[in-house]
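Bear in mind that the values here come from a model prediction, so they are computed numbers and not experimental data. So that the names make sense, note that chain A is the first sequence line, chain B the second, and so on, each numbered from 1. We use all heavy atoms of the structure for the numbers below, so side chains are in, but hydrogens, waters and symmetry mates are not.
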There are 2 protein chains.
Amino acid sequence: MARVLNFSAGPAVMPEVVLRQAQEEMLDWRGTGACVAELSHRGAPFMALASEVEADVRNLLAVPESHAVLFLAGGATTLQALLPLNIAKQGQRADYLVTGHWAKVAMKQAAPAADVHVVASGEAGQFRSIPPRSEWQRSPDAAYFHVTANETIHGVELPDDIDAGTSAPLIADFSSNIASRPSDLSRYAMVYAGAQKNLGPSGITLAIIRKDLLERRGQPRADILTWASHAAQGSMLNTPPTWNWYLLGLCVRWMIEQGGTAEFARRNGEKSALVYAAIDDSEGFYRNDVVTSARSRMNIPFVLHDAALDAAFLAESQAAGLIGLKGHKAIGGMRASLYNAMPVDGVRVLVDFMHDFRKRHG
Amino acid sequence: MARVLNFSAGPAVMPEVVLRQAQEEMLDWRGTGACVAELSHRGAPFMALASEVEADVRNLLAVPESHAVLFLAGGATTLQALLPLNIAKQGQRADYLVTGHWAKVAMKQAAPAADVHVVASGEAGQFRSIPPRSEWQRSPDAAYFHVTANETIHGVELPDDIDAGTSAPLIADFSSNIASRPSDLSRYAMVYAGAQKNLGPSGITLAIIRKDLLERRGQPRADILTWASHAAQGSMLNTPPTWNWYLLGLCVRWMIEQGGTAEFARRNGEKSALVYAAIDDSEGFYRNDVVTSARSRMNIPFVLHDAALDAAFLAESQAAGLIGLKGHKAIGGMRASLYNAMPVDGVRVLVDFMHDFRKRHG
């Protein structure tokens with residue numbers, strides 16, 4: 001069938017031109033006579049690719065020389081478990097800003113290896129806003145301060161210039177908004193992101209870590225769980241997910257060619273404004289309760305005024321070629337995820353559908 | 001260019017028919033209008049695929065009902081680090097049979113979380129044989145007994161019916177010979193395998209674990225590092241490597257259609273016999289020093305009688321469309337890996353090349 005418009009929160013839509021290239025190269029990549037996934041990660045063709053992808057990631061995200069770029073397996077959740085093992089002392093305090101479901105997951109994974117501390121939480125307000133800076137209770141001796149740059153379920157997003165102070169290294173989960181706008185990465189000791197939202201397929205996780213952090217002793221752990229060891233081996237301490245690395249590279253190259261993070265900031269601003277307008281101008285037919293200043297440009301949860309219409313909304317949107325709009329089970333309703341690979345025109349189709357559905361069912 | 005014959009130790013050759021199917025389905029998988037890698041792992045199409053792949057794995061490998069089948073990220077090395085955390089008490093003895101490089105890696109990864117003990121080692125004999133059962137020093141109180149079913153670097157392989165006794169659960173690294181012959185998995189408490197040799201692409205790891213092992217308390221660790229949690233969530237505790245899972249599924253289905261493990265045992269016997277004959281009948285031009293009873297059917301390392309010929313062998317074989325023959329840097333020389341997706345006819349081409357090269361350079 002024809003390609004659908006995919007609003008899934010992740011794994012998510014990828015650029016069609018990237019998929020077409022992967023399709024063409026499936027049996028013979030770069031004249032090797034093999035699929036990239038069949039080649040040794042230590043052979044010259046893949047080693048060249050790995051270098052190119054790192055250079056492109058550094059270019060796209062303006063990664064400072066002070067930071068290492070790692071390509072890891074296991075997803076962001078695994079990195080959250082390894083974070084205290086790598087950079088905190090046993091039982092050391094670790095600060096968490098709790099802005100939604102994923103911040104809680106990050107803290108839960110760290111809890112067995114750190115004295116996790118909630119700096120502030122939006123939970124009492126059902127995560128509809130970011131706790132203001134004035135209410136944060138930072139620990140003076142924290143190993144690090146962890147924030148979640150964007151919450152895919154609750155639909156809140158931190159401003160990029162969030163003032164985290166300087167008392168502890170700032171670590172950010174960028175999984176769902178990496179490359180969605182220019183970011184000053186020199187302000188972060190570490191950012192990390194599962195690739196399956198803005199960077200390509202699941203199965204590979206990008207970690208950008210200030211090199212001095214890799215010198216911390218951390219806690220007893222295996223070599224394979226040690227980021228410094230991965231860094232020393234160019235992310236080839238063991239066999240990496242090579243096809244995922246390749247496809248991530250194609251997506252990153254595409255983003256550069258499209259104009260980079262400044263252009264995606266423009267597009268993502270336009271796309272999210274279209275959807276929020278369709279919600280806010282619906283006279284209560286659709287509703288999103290996140291305060292305006294905290295609204296995510298990536299994931300827009302919304303409810304219909306009558307939940308009895310949910311099934312019809314999902315069935316009719318699917319019939320119209322719009323998929324992935326069902327909200328996360330934790331909060332129900334609908335959700336539109338508008339990652340970089342979703343074109344503005346795709347969002348116009350969604351917004352037209354929302355208007356039309358409202359007319360028919362309003 | 002034309003498809004090469006790929007003798008790489010992994011990532012490795014995949015069946016061409018599998019790659020062609022993946023190519024065809026890249027932009028529209030099963031009528032979804034999307035690439036499988038774009039779809040939510042929690043949506044009905046991918047959930048159906050996951051169930052089918054598990055059923056096919058159980059069929060191909062004759063997995064007993066007593067065992068859970070997990071699809072994990074991070075590679076076999078990560079599982080080796082998580083093994084004592086999941087099934088040993090802090091500081092508990094864990095037994096390792098050391099048959100080569102990869103057994104040593106397994107032990108190294110476990111060492112921070114267990115009192116690792118060498119049951120026997122082939123290192124003094126340069127890993128050219130398996131230490132005989134009579135020399136094994138098993139620990140009476142070991143949490144488990146770990147063996148490496150096949151050593152890709154040293155080219156030694158355990159017999160499938162190795163007598164491990166019953167004093168501790170038997171854990172086997174099957175990374176490089178899984179599905180290469182029928183195995184009685186009821187004899188193993190756990191087997192695991194990175195997919196990138198016999199099962200498809202890198203980036204996904206199969207673990208087959210007897211369910212009672214998942215009830216062990218293990219050691220303090222994060223939920224995401226806990227196999228019981230992955231089992232409880234159908235290997236979707238976090239976003240799994242979906243494209244890798246899909247491609248593994250295509251490879252497994254292909255192996256079933258080809259006749260299953262009995263047929264691959266026949267083919268692998270034939271292929272490895274061809275290469276060992278080419279070596280043994282070369283009047284010393286080629287040499288493999290592994291004792292006959294321990295020779296691997298999967299990975300055949302060999303040296304040329306004059307190392308000065310190595311460069312010519314590699315250049316000429318590559319020109320003839322044979323790639324991945326360079327030996328591992330740890331022992332040098334050459335290596336031919338003959339995984340399930342390498343056809344008998346491909347091995348005949350290799351053997352013909354070896355004869356021809358010897359004639360020209362002998």
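- Rounding to the nearest 0.5 Å places SG of B/Cys35 at 11.5 Å from CD of A/Glu16.
- Neither the backbone nor the side chain of A/Thr205 comes within less than 4.5 Å of any heavy atom of chain B.
- Of the residues considered (A/Ala222, A/Gly203, A/Ala341), A/Ala222 shows the highest number of contacts with chain B, using heavy-atom pairs under 4.5 Å.
- Contact between B/Ser202 and A/Pro240 at its shortest, heavy atoms only, is OG-O, 2.7 Å.
- Comparing A/Leu247, A/Val4, A/Leu85 by heavy-atom pairs within less than 4.5 Å of chain B, the highest count is held by A/Val4.
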Practice prompt. Show your working on side chain to side chain contact (heavy atoms under 4.5 Å, CB included) between B/Arg42 and A/Lys326 and close with a plain yes or no.
Written response: CA-CA 11 Å; B/Arg42 300 197 188 280; A/Lys326 190 174 181 182; over 6 Å; no
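- Among the candidates A/Leu237, A/Ile204, A/Leu5, A/Asn244, the residue making the largest number of heavy-atom pairs closer than 4.5 Å to chain B is A/Asn244.
- When heavy atoms are compared at a cutoff of 4.5 Å, B/Ile323 approaches chain A solely by way of its side chain, counted from C-beta outward.
- Distance check: A/Asn238 CG to B/Thr78 OG1 gives 5.5 Å after rounding to the nearest 0.5 Å.
- Neither the backbone nor the side chain of A/Gln80 comes within contact range of chain B, judged by heavy atoms closer than 4.5 Å.
- For a residue to count as touching a neighbouring chain, one of its non-hydrogen atoms must lie under 4.5 Å from one of that chain's; by this rule B/Asp223 touches chain A with backbone and side chain alike.
- Contact annotation for B/Ala22: both backbone and side-chain heavy atoms come within less than 4.5 Å of a heavy atom of chain A.
- Interface remark: A/Ser8 contributes side-chain atoms only to the contact with chain B (heavy atom separation under 4.5 Å).
- For the pair B/Leu27 and A/Gln23, the minimum side-chain heavy-atom distance is below 4.5 Å.
- Heavy atoms from other residues, nucleotides or ligands lying under 6.0 Å from CE of B/Met47 number 12 at most.
- Of the residues considered (A/Leu82, A/Leu72, A/Thr32, A/Val105), A/Thr32 shows the highest number of contacts with chain B, using heavy-atom pairs under 4.5 Å.
- No other option in A/Pro112, A/Pro11, A/Gly31, A/Gly194 has as many heavy-atom pairs under 4.5 Å with chain B as A/Pro11.
- In terms of modelled atom types and a separation under 3.5 Å, the side chain of B/Asn6 and the main chain of A/Glu38 share a donor-acceptor contact.
- Only the backbone of A/Arg221 comes within contact range of chain B, judged by heavy atoms closer than 4.5 Å.
- Residue contact with chain B, scored on non-hydrogen atoms closer than 4.5 Å, involves the backbone and the side chain of A/Gln109 alike.
- Using a 4.5 Å heavy-atom threshold, the side chains of A/Thr242 and B/Gln196 count as separate.
- Annotation: A/Met26, atom CE; neighbour count of heavy atoms from other residues, nucleotides and ligands within 6.0 Å is above 12.
- Across A/Ala73, A/Ala81, A/Gly200, the residue that shares the most heavy-atom pairs under 4.5 angstrom with chain B is A/Ala81.
- The candidate with the highest count of non-hydrogen atom pairs below 4.5 Å against chain A, out of B/Ala12, B/Gly74, B/Ala34, is B/Ala12.
- Neither the backbone nor the side chain of B/Glu25 comes within less than 4.5 Å of any heavy atom of chain A.
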